[in-house]
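Structure record follows, encoded as structure tokens.
In what follows, every heavy atom counts, from backbone to side chain, and hydrogens, waters and symmetry copies are set aside.
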Amino acid sequence: PILDSENRVAAFLAGRPRDEGWNGLVKEAAEEIEKARGEILFTAKQLDHGRGKFAALSSGFSHGGGRKQPGNVRQASAAVLAVVTTLLAMQCFQRISGFANSAFQACAPNIFQYYLETVNRLLEWNSTFCRPFPKSVWATCTVNFGPATVTRPHRDSANLSYGWCVITALGRFDPDRGGHLILWDLGLIIRFPPGSTILIPSALITHSNTPIQKGETRYSLVQYSAAGLFHWVYNNFMTDKNFDSQASEAELSQREEDRKKRWSNGVEMFSKWHDLS
């Protein structure tokens with residue numbers, strides 16, 4: 001774990017499971033991403049975006065970015081939807097997601113529980129929502145198709161401010177010479193081999209990764225949930241405007257108190273290492 005000055009877990013280097021078949025599994029995942037990449041006609045926005053110049057495509061459900069209410073991430077065509085759905089349904093990706101969820105529960109059990117309760121309530125509210133992985137607490141994932149996924153320094157401001165995202169590195173590259181994860185605010189450069197998983201509060205910490213060598217490939221699978229989903233549930237499945245128009249004076253007063261305590265309550269959800277070890 002990476003701990004802050006008060007022994008809170010601020011990031012978690014989950015690594016990989018002790019599984020003799022893991023190398024074969026992540027090799028298969030990289031090969032399947034490479035194959036799917038050749039079957040998708042990416043839009044200009046999917047090839048050059050805020051995180052860098054590489055192909056990226058999201059799946060799942062989300063809220064924000066002009067949406068009036070939560071909804072499934074739309075694909076450019078039925079053909080693209082079929083390719084992405086088939087890709088993520090493969091056993092190798094199901095297992096990568098399963099390991100990531102287990103790591104999340106281990107390093108941040110309070111926040112994990114909040115994610116689990118939120119995603120379950122959203123699925124009860126709208127059964128047409130499609131998670132990328134049926135047993136995951138994250139509502140959305142992005143597959144970075146590369147072929148050289150090198151991100152610019154950024155924060156994921158649309159994610160929950162005290163929430164966590166998980167990154168799994170894939171591909172064929174020398175982790176001693178490139179692909180390192182940089183956590184700028186913490187002054188850390190972290191070796192990040194293919195098949196390894198790292199969890200960070202991505203809305204809080206500016207992060208990027210170093211270039212890989214010519215001829216190498218680097219892909220990644222990123223799982224996360226938009227802040228708007230949590231706010232929608234908090235509003236009892238409606239917009240701020242609709243909530244305010246229906247709320248009593250007591251409810252509005254409570255809403256203001258919640259707003260004042262939101263950050264401190266979020267920080268309190270971070271686990272301290274001595275409570276976990």
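Between Val143 and Leu88, the closest heavy-atom pair is CG2-CD2, 4.0 Å. The two residues Phe93 and Ala29 come nearest to each other via the heavy atoms CZ-O, 3.5 Å. Here the closest non-hydrogen pair linking Cys107 and Pro109 is C-CD, 3.6 Å. Taking all atoms of both residues into account, the shortest heavy-atom contact from Arg155 to Ala203 is CD-O, 3.7 Å.
Atom CD1 of Ile189 sits in a sparse spot, with 12 or fewer heavy atoms from other residues, nucleotides or ligands closer than 6.0 Å.
Between Ser220 and Thr149, the side chains place no donor N or O within less than 3.5 Å of an acceptor N or O (distance only, hydrogens not considered). When only modelled atom types and interatomic distance are considered, Gln246 and Asn242 share no side-chain donor-acceptor pair under 3.5 Å. Using modelled atom types, one finds no donor on one side chain facing an acceptor on the other under 3.5 Å when comparing Trp164 with Ser202. At a cut-off of 3.5 Å, with distance as the only test, no side-chain donor of Gln223 or Thr140 sits close to an acceptor on the other residue. Looking at Tyr162 and Asn265, their side chains never bring a donor and an acceptor atom within 3.5 Å of each other. Side chain to side chain, Asn144 and Arg218 fail the donor-acceptor criterion of an N or O pair below 3.5 Å. No side-chain donor from either of Thr151 and Ser208 sits under 3.5 Å from a side-chain acceptor of the other.
Remark: the backbone N or O of Leu229 is not paired with any side-chain donor or acceptor of His231 at under 3.5 angstrom. Remark: the backbone N or O of Ala158 is not paired with any side-chain donor or acceptor of Asp156 at under 3.5 angstrom. Side-chain atoms of Glu256 do not come within 3.5 Å of backbone N or O of Ser253 as any donor-acceptor pair. One N or O on the side chain of Gln46 and one on the backbone of Thr43 form a donor-acceptor pair closer than 3.5 Å. Side-chain atoms of Asn235 never come within 3.5 Å of backbone atoms of Phe237 as a donor-acceptor pair (strictly under, hydrogens ignored). No side-chain donor-acceptor contact under 3.5 Å links Glu39 to the backbone of Ala36. Not one N or O on the side chain of Trp273 forms a donor-acceptor pair closer than 3.5 Å with the backbone of Pro1.
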Worked verdict on Glu257 versus Lys260 for salt bridge (charged side-chain N to carboxylate O under 4.0 Å, His left out): CA-CA 5 Å; Glu257 289 301 310; Lys260 293 176 181 177; 3.7 Å; yes
Residues Glu117, Arg121; criterion salt bridge (charged side-chain N to carboxylate O under 4.0 Å, His left out); working and verdict: CA-CA 6 Å; Glu117 291 171 359; Arg121 290 189 66 187; over 6 Å; no
Step-by-step salt bridge (charged side-chain N to carboxylate O under 4.0 Å, His left out) determination, Arg172 to Glu34: CA-CA 11 Å; Arg172 296 184 299 274; Glu34 201 167 301; 3.2 Å; yes
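Both tests pass for Arg255 against the ring of Phe243: distance under 6.0 Å to the centre and angle within 45° of the axis.
Phe230 and Met238 fall into different hydrophobic clusters, where Ile, Leu, Val, Met, Phe, Trp and Tyr are joined by side-chain heavy atoms under 4.5 Å apart, directly or via other members.
Classified by interplanar angle (parallel below 30°, tilted 30° to 60°, perpendicular above 60°), the ring pair Phe54/His49 is perpendicular. Taking the six-membered ring where the residue is Trp, Trp232 and His63 present perpendicular rings, their angle passing 60° and hence far from 30°.
At least one side-chain heavy atom of Tyr234 sits under 4.5 Å from a side-chain heavy atom of Asp258.
Just one of Phe104, Phe270, Phe12, Trp138 meets the ring pair (Phe, Tyr, Trp, His ring centres under 6.0 Å) condition when paired with Phe112; it is Phe104.
A salt bridge is defined here as a Lys NZ or Arg NE, NH1 or NH2 lying under 4.0 Å from an Asp or Glu carboxylate O, and Asp48 with Arg152 meets this definition.
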